[in-house]
Amino acid sequence: MTDSSRATRPEILMVGPLLPDLIATLETRYRVHRLWEAQDQAALLREHGPRIRGIATSGRFGARRDLIEALPALEGIFSFGVGYDSIDIAAARERGVLVTNTPGVLDACVADTALALMLAATRRIAAADRFVRAGRWPNESFDLATRLTGKRCGIAGLGNIGRQIARRAEAFDMEISYYNRSKRSDVPAHYRYCADLRSLAEQCDVLVLAVPGGADTRHLVDDAVLDALGPQGWLINIARGTVVDEAALVRALQEGRIAGAGLDVFEHEPRTPAALNDMDNVVLLPHIASGTHETRRAMADLMLANLDGWFAQREVHTRVV
Ligand code: 8YV
């Protein structure tokens, strides 16, 4: 790389570490400033901020208002992930900064994870694995589990991911009900619509959360919804931790007011409530719903296509704002 091509590459700010391959590719096309590695982030922003035209981030790292406001030349925020609740969209709008995400390419893997959690929780798969590893099989019998096939599946949020979950759940002969902002006319007629989450929880055995995160859905699942789900009901969350009042969930599990849970996301990631660690009816994952080689590659490709599209011809593929 010559000094002149280095000088003409657009400058972007990476908020946190993305995939190593993605970072390597970005560094061949952009001058990348690594915010998370800076000893003094304010000093990095003072020195390079005036020339930074893009933010590369993810659902995990987001982009706060103070960061957006510290970058006077900012044109776009390019996120690795479909959820953008950690990006201050209002601040981006006010500044006329575009925001892109990576929808579509991760729906199948996230839906697969929802089904994996449904099976793992109801059929006690993770607990059974622990049982074998602990050498207990020769001397003890493993307790029976709950059948998933034929149960009623309630889906909160029948967007692209919710619909893929529904299709998979139907393969397990599950009846599908859903809660959504409005009734959908483009889904199979036998999917039953519920206008509120509490009645959906009352009518299902497994409640799966697939709504977007953010202020509008904060603590949508509270004590009342958990009690409507009831002692035979299971909660599955592949959406955002903030959708559930986590303290209420822990209490409901401790008191046996719901049967169990399968959780990929938490309110204060990467911290998870210690009380859940000893519960065999709860399956805990470290936010891996989209975490396959294939899907993360597709997300990286889409994010790159958005960045390159913007800086080459001011066109992006998947724009949020
Ligand atoms: C990613 C996600 O793990 O797409 C999303 O919204 O939560 C996940 O696919 C996340 O964006 C990476 O931080």
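Numbering of ligands and ligand atoms starts at 1, following listing order.
Residue Tyr191 is tested with Glu170, Arg184, Glu175 for a side chain to side chain donor-acceptor pair (under 3.5 Å); the sole match is Glu170.
Not a single heavy atom of Met303 sits less than 4.0 Å from an atom of ligand 1.
Against a heavy-atom cut-off of under 4.0 Å, Gly81 is close to the following atoms of ligand 1: 4 (O), 5 (C), 11 (O). Close approach to Arg240 involves these atoms of ligand 1, each under 4.0 Å from a residue heavy atom: 2 (C), 5 (C), 6 (O), 7 (O). The Arg60 neighbourhood of ligand 1 comprises atoms 13 (O), with distances under 4.0 Å to a heavy atom of that residue. Near Ser290, the atoms of ligand 1 lying under 4.0 angstrom from a non-hydrogen atom of the residue are 1 (C), 3 (O), 8 (C), 9 (O). Here is the list of ligand 1 atoms found below 4.0 Å of a heavy atom in Arg296: 3 (O). For ligand 1 and Gly83, the ligand atoms under 4.0 Å from any heavy atom of the residue are 4 (O), 5 (C), 6 (O). Interface atoms of ligand 1 facing Met299, defined by a heavy-atom separation under 4.0 Å, are 9 (O).
Which of Val82, Ile238, Val110, Thr57 comes nearest to atom 5 (C) of ligand 1 through a heavy atom is settled by distance: it is Val82. Proximity annotation for atom 11 (O) of ligand 1: of Phe80, Phe61, Tyr84, Phe80 comes nearest, heavy atoms only.
On a distance-only criterion, Leu106 and ligand 1 share no N/O pair closer than 3.5 Å.
Between Tyr193 and Tyr178, the ring planes lie tilted relative to each other; the angle falls in the 30° to 60° range.
Residue-environment remark: NE2 (His293) stays at or below the threshold of 12 foreign heavy atoms within 6.0 Å. Atom CZ of Arg34 has more than 12 neighbouring heavy atoms from other residues, nucleotides or ligands inside a 6.0 Å radius.
Figure legend: Arg271 and Phe266 shown without cation-pi pairing, the cationic atom not lying both under 6.0 angstrom from the six-membered ring centre and within 45 degrees of its axis.
Side-chain atoms of Leu263 and Leu249, non-hydrogen and from C-beta on, do get closer than 4.5 Å to each other. Inter-residue side-chain proximity for Asp88 and Leu67 is flagged as unmet; no heavy-atom pair is nearer than 4.5 Å.
The NE2 atom of His33 sits 8.5 Å away from the CD atom of Glu47 when rounded to the nearest 0.5 Å.
Residue, atom and distance of the protein heavy atom nearest to atom 7 (O) of ligand 1 are His287 NE2, 2.7 Å.
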